[in-house]
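What follows is one structure encoded as structure tokens, with my remarks underneath.
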Amino acid sequence: MPPTLDIAGRLVGPDHPPLVIAEIGINHEGSLDKAVQMVDDAVAAGCECVKFQCHVIEDEMIPNDVVPGNADESIWDIMARCALSEPEDRRLKAYVESKGAIYLSTPFSRAAAERLEAMGVLAYKIGSGECNNYPLVEHIARYGKPIIVSTGMNDLASVRPTVEILRAHGVSFGLLHCTSLYPTPYEQVRLGAMVELQQAFPDAVVGLSDHTETIYACLGAVALGASILERHFTSSRDWPGPDVPISMIPEELAQLVEGSRAIHLARGGRKEILAAEQPTIDFAYASVVTLAPIAAGEVFTMDNLWVKRPGTGAIQAKHFEGLLGKRAARALTVNHQLDWDDIRDGD
């Protein structure tokens, strides 16, 4: 059986349509009203799952002035401005679930994980920066719930200890290939790395957390087996925020949901003739036919025999060469679809 996650009753894996995660993250800039609007817009676009980030800043980091590559202020100042309170997180989770969608959140600290657990979340998302934070992974794994891990900035060697922790706790898990560049150039997406994850960890549900500026990489990932797709999401690119420039807007999210499901239906299969193709075979194949009247006993040659549509004759074009030099068993009219009974035995 292929690996499968059960998140709030939604089965996720190769046998099911890809789960598209709208990563709202901190695009709300600390505004609950903006967060609610993005939830509404994501659900209206057909998205089943929205994800946020849970920041308890004092437990997450020490005061610092480190500026991320996609921002112009320190990570401390960004998170201090964008972090939601526990009551706000609770209200947001209840609102998401009232819309029939799945609420996910990424805890960036032990305190954040404990907040989410107290809120009753049904699964966890671990970000790329925490993929090799094995103490935090262990802490979250103890809850025994499904976990999706992004693996940006990590190679197979650093992902393996996290997988071993998850296996040790018996939790089902997903691994998302990710390139932690904002935006990510297409040539650095490396969809082959996602395939490597599946080969290295066959008990993982795999997918892509994408930071390009379009949905193309995600659609390509589905063709290669992705069961989870995550992209940043915003209601408007006119809003401020470090992740807004690489975020989908509602129209693109709707296209990603529709396109990923279509590609999922299209992938796999074998190169064989389908029974449903028979009506097309009937008109598109060629049958062996006579080009001129042929007398009984006359030899079949290139001058009196050829192949033409439709394919409803008893002898198809693939048998043509083997008929040349044989003789007609009876007189045949022009444009006659040759039958095996029309060929004289013994010649």
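Here the structure is a predicted model, which is why all the values come from computation and not from measurement.
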### Message
Check the orientation of W306 and F320. Use parallel for under 30°, tilted for 30 to 60°, and perpendicular for over 60°.
### Response
perpendicular
### Message
Around atom OH of Y186, are there more than 12 heavy atoms from other residues, nucleotides or ligands closer than 6.0 Å?
### Response
yes
### Query
With a 4.5 Å heavy-atom cut-off, do Y124 and I148 have their side chains touching?
no
### Value rounded to 0.5 Å, distance of CD1 in I7 from NZ in K145
12.5 Å
### Message
Return the CG to CD1 distance between D341 and I343, rounded to the nearest 0.5 Å.
### Response
9.0 Å
### Query
A113 and P107: which non-hydrogen atoms are nearest, and at how many Å?
N-CB, 3.5 Å
#### Entry: Working for salt bridge (charged side-chain N to carboxylate O under 4.0 Å, His left out), residues K34 and E29
CA-CA 8 Å; K34 277 188 172 181; E29 290 273 300; over 6 Å; no
### Query
Do the side chain of S150 and the main chain of G127 share a donor and acceptor less than 3.5 angstrom apart?
no
### Task
Determine whether T162 and N132 make a side-chain contact, defined as any pair of heavy atoms from C-beta on separated by less than 4.5 Å.
no
### Task
Apply side-chain contact (heavy atoms from CB on, under 4.5 Å) to the pair K318 and Y285, showing each step before the final yes or no.
CA-CA 10 Å; K318 62 184 179 181; Y285 273 17; over 6 Å; no
### Task
Please indicate whether L265 has more than 12 foreign heavy atoms, meaning atoms of other residues, nucleotides or ligands, lying under 6.0 Å from its CG.
yes
### Query
Does the S158 side chain pair with the main chain of N154, one donor and one acceptor, at a distance under 3.5 Å?
no
### Query
Roughly how far, to the nearest 0.5 Å, is OG of S105 from CE of M119?
7.0 Å
### Query
Linking I/L/V/M/F/W/Y whenever their side-chain heavy atoms sit closer than 4.5 Å, directly or via other members, would M153 and V163 fall into one cluster?
no
### Side-chain H-bond candidate by donor/acceptor type, D40 with Y95, under 3.5 Å
yes
### Message
A side-chain contact here means heavy atoms from C-beta on lying under 4.5 Å apart; do L181 and H211 qualify?
### Response
no
### Task
Establish, from distance only, whether the side-chain atoms of D282 and Q278 form a donor-acceptor pair under 3.5 Å.
yes
### Query
Are the side chain of T184 and the backbone of T179 linked by a donor-acceptor contact shorter than 3.5 Å?
yes
### Query
Taking N304 for the side chain and T301 for the main chain, is one N or O donor matched with an acceptor at less than 3.5 Å?
yes
### Query
Should R237 and E252 count as an ion pair when the cut-off is N to O under 4.0 Å?
yes
#### Entry: Non-hydrogen atoms of L166 and A141 that approach each other most closely
CD2-CB, 4.1 Å
### Task
Identify the two heavy atoms, one from D89 and one from C54, that lie closest to each other, and give their separation to 0.1 Å.
OD2-SG, 3.7 Å
### Task
Indicate, with yes or no, if V206 and L224 share a hydrophobic cluster defined by side-chain heavy-atom contacts under 4.5 Å among Ile, Leu, Val, Met, Phe, Trp and Tyr.
yes
### Query
Just by distance, do the side chain of R90 and the backbone of S85 share a donor-acceptor pair under 3.5 Å?
no
#### Entry: Donor-acceptor contact present, side-chain R344 to main-chain A329, <3.5 Å
no
### Heavy-atom donor-acceptor pair, E60 side chain to I57 backbone, under 3.5 Å
no
### Task
Search all heavy atoms of A111 against all heavy atoms of D59 and return the closest pair with its distance.
N-OD2, 2.8 Å
### Task
For residues L208 and L176, determine if any side-chain heavy atom of one lies less than 4.5 Å from a side-chain heavy atom of the other.
no
### Task
Could you verify whether a donor N or O on one side chain and an acceptor N or O on the other, from D33 and S31, lie under 3.5 Å apart?
no
### Task
Give the minimum heavy-atom separation between E230 and S209, together with the two atoms involved.
OE1-OG, 2.6 Å
### Query
Does a side-chain heavy-atom distance below 4.5 Å link T234 with D243?
no
### Task
Answer whether the closest heavy-atom distance between the side chains of E23 and R231 falls below 4.5 Å.
no
### Task
To the nearest 0.5 Å, tell me how far I294 CD1 sits from R330 CZ.
12.5 Å
### Query
Any donor and acceptor pair, going by atom type alone, linking the side chain of H169 with main-chain N or O of V171 inside 3.5 Å?
no
### Query
Considering only heavy atoms from C-beta outward, does the side chain of T312 approach that of Q337 to under 4.5 Å?
yes
### Query
Do other residues, nucleotides or ligands put more than 12 heavy atoms under 6.0 Å from R91 CZ?
no
### Message
Donor-acceptor check, side chain of S287 to backbone of P310, threshold 3.5 angstrom: yes or no?
### Response
yes
### Query
Can you tell me how far the CZ atom of R160 sits from the CG atom of D155, to the nearest 0.5 Å?
9.5 Å
#### Entry: Non-hydrogen atoms of A35 and F52 that approach each other most closely
CB-CE2, 4.1 Å
### Query
Got more than 12 heavy atoms from elsewhere within 6.0 Å of CZ, R190?
yes
### Task
Kindly say whether A204 contributes a backbone atom to a donor-acceptor pair with the side chain of Q198 at under 3.5 angstrom?
yes
### Task
Following the transitive rule for hydrophobic clusters with a side-chain heavy-atom cut-off under 4.5 Å over Ile, Leu, Val, Met, Phe, Trp and Tyr, establish whether I24 and V36 coincide in one cluster.
yes
### Query
Does F173 share a hydrophobic cluster with I126, counting links as ILVMFWY side-chain heavy atoms below 4.5 Å and allowing steps through other members?
yes
### Task
For atom CG of L274, decide whether the heavy atoms of other residues, nucleotides or ligands shown that lie under 6.0 angstrom number more than 12.
yes
### Summary
Rounded to the nearest 0.5 Å, the CG atom of D342 sits from the OG1 atom of T290 at a distance of 9.0 Å
### Query
Yes or no on side-chain contact (heavy atoms from CB on, under 4.5 Å) for L256 and L219, after CA distance, side-chain angles and deciding distance?
CA-CA 7 Å; L256 180 56; L219 294 176; 3.9 Å; yes
### Hphob cluster co-occupancy, V20 + I228, side-chain heavy atoms under 4.5 angstrom
no
### Message
A side-chain contact here means heavy atoms from C-beta on lying under 4.5 Å apart; do L84 and H55 qualify?
### Response
no
### Message
Within a 6.0 Å radius of atom CD on E258, are there more than 12 heavy atoms belonging to other residues, nucleotides or ligands?
### Response
no
### Query
Side chains of S74 and D77: do they bring a donor and an acceptor to under 3.5 Å?
yes
